[in-house]
Amino acid sequence: MAQVQRHPLAAQAAEVLLTRIRAGEWELGHRLPGETTLAAQLGVGRSTLREAIRELAGQGVLESRQGAGVFLTALDVTEDWDTILRRADIVTVIEARIAIEAEAAALAARRRTPADLRTMLKALNLRAESGPEIPTLVDADTAFHRTVIAASHNDILLEMFNAFVPRSRHAMIDMLRIHPVPDARADHDAHETLYDAIRARDPEAAATASRVHLTALKTAFDR
C-alpha cells in the first residue's frame with residue numbers, strides 16, 4: 001500500500017488518493033473508507049487526511065456528507081478550459097463546435113422567438129458589415145453564432161459555448177491569417193442559410209446548415 005513519504009503531507013496525501021481513484025479502487029458514487037482506515041493506509045494523521053480530502057473536494061473529486069462519510073463524485077480532477085485549450089488545436093475546437101452548434105441550431109429552429117430572430121438578424125447584418133479586419137470579423141462571427149445558441153433556450157449549451165469559444169479567439173485569428181476564407185460571400189451566404197432555416201422553423205435544415213458551414217471551416221484549417 002502506497003504511503004506518503006515527503007512534505008507537504010496533505011498535498012501528497014491528496015495525490016496518493018487521486019492515484020488510487022484513477023486506478024479504479026473505488027467506483028463513482030461510492031463511499032470511501034473511514035478516516036481512521038484511510039489515515040492509517042496513507043501513513044498520515046487524521047487532520048492531514050481531512051485537509052487532503054478538502055483539497056480533492058475543491059477539485060470536484062470528493063464530497064463530504066455530514067454524518068454519511070466521503071463519497072467519490074469524479075474519477076479525476078477536472079481541468080479548466082484554459083488548460084484544455086492550450087493543448088487543443090483549432091480543428092479540435094471546431095469539431096466540438098459542430099457537436100454543440102448543430103444541435104443548438106435544431107433547437108433554435110423549434111424554440112426561437114420573434115425577439116430571438118431580431119437579435120440574430122442584427123448580429124448577421126453586423127457580421128456582413130464587419131469589414132476586412134480579421135479580429136473584427138472573428139468577433140462579429142462569434143456574436144452571431146452566440147445568438148443561435150441563445151435561441152436554443154438551453155442554458156447548458158450556451159454555457160458550453162461561452163466557456164470555450166471566446167477563449168479560442170486568438171487561435172482563430174491566427175489561423176485565418178494563415179488560411180483566409182476563400183470566398184467571403186459564400187461564407188456569409190452559409191450564415192444566411194442558417195438564419196433562414198431557423199426563421200422557417202426547420203430543425204433539420206438548421207442543423208445541416210450549421211454542420212456544413214463549420215465542417216467547411218474545419219476542412220479549410222485542416223490542410
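The chain is numbered in sequence order, starting from 1.
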Evaluate whether atom CD of E204 has more than 12 neighbouring non-hydrogen atoms of other residues, nucleotides or ligands under 6.0 angstrom away. no

Enter the distance from L217:CG to I94:CD1 here, rounded to the nearest 0.5 Å. 4.0 Å

E27, CD atom: more than 12 neighbouring heavy atoms under 6.0 Å: no

I'd like to know if R185 pairs up with E192 as an ion pair, taking the criterion as any Lys NZ or Arg NE/NH1/NH2 lying under 4.0 Å from an Asp or Glu carboxylate oxygen. yes

Residues that, via side-chain heavy atoms closer than 4.5 angstrom, fall in one hydrophobic cluster with V212: none

Validate the cation-pi geometry between R146 and F161: distance from NZ or CZ to the six-membered ring centre under 6.0 Å, angle to the ring axis within 45°. no

What residue pairs, at least two apart or across chains, pass ring-ring contact (aromatic ring centres under 6.0 Å, His included) with a residue in residues 12-32? none

Kindly compute the distance separating CG (D116) from CZ (R111), expressed to the nearest 0.5 Å. 11.5 Å

Within the side chain of R201, is there an N or O that forms a donor-acceptor pair under 3.5 Å with the backbone of R110? yes

Is a donor on one side and an acceptor on the other found under 3.5 Å between the side chain of S152 and the backbone of A108? no

Which hydrophobic side chains are connected to L121, either touching it within the sub-4.5 Å cutoff or through other members that do? L117, M120, L124, F144, V148, L194, Y195, I198

Between S130 and T136 (side chain of the first, backbone of the second, donor and acceptor by atom type, cut-off under 3.5 Å), is there such a pair? no

Salt bridge (charged side-chain N to carboxylate O under 4.0 Å, His left out) test vs R127 passes for just one of D189, D141, D139, namely D141

Hey, does E15 have a side-chain heavy atom less than 4.5 Å from the side chain of T19? yes

With a 4.5 Å cut-off on side-chain heavy atoms, are T119 and K122 touching? no

Ignoring hydrogens and geometry beyond distance, is a side-chain donor-acceptor pair present between D196 and T193 at under 3.5 Å? no

For A207, does its backbone N or O pair with a side-chain atom of S210 as donor and acceptor, under 3.5 Å? no

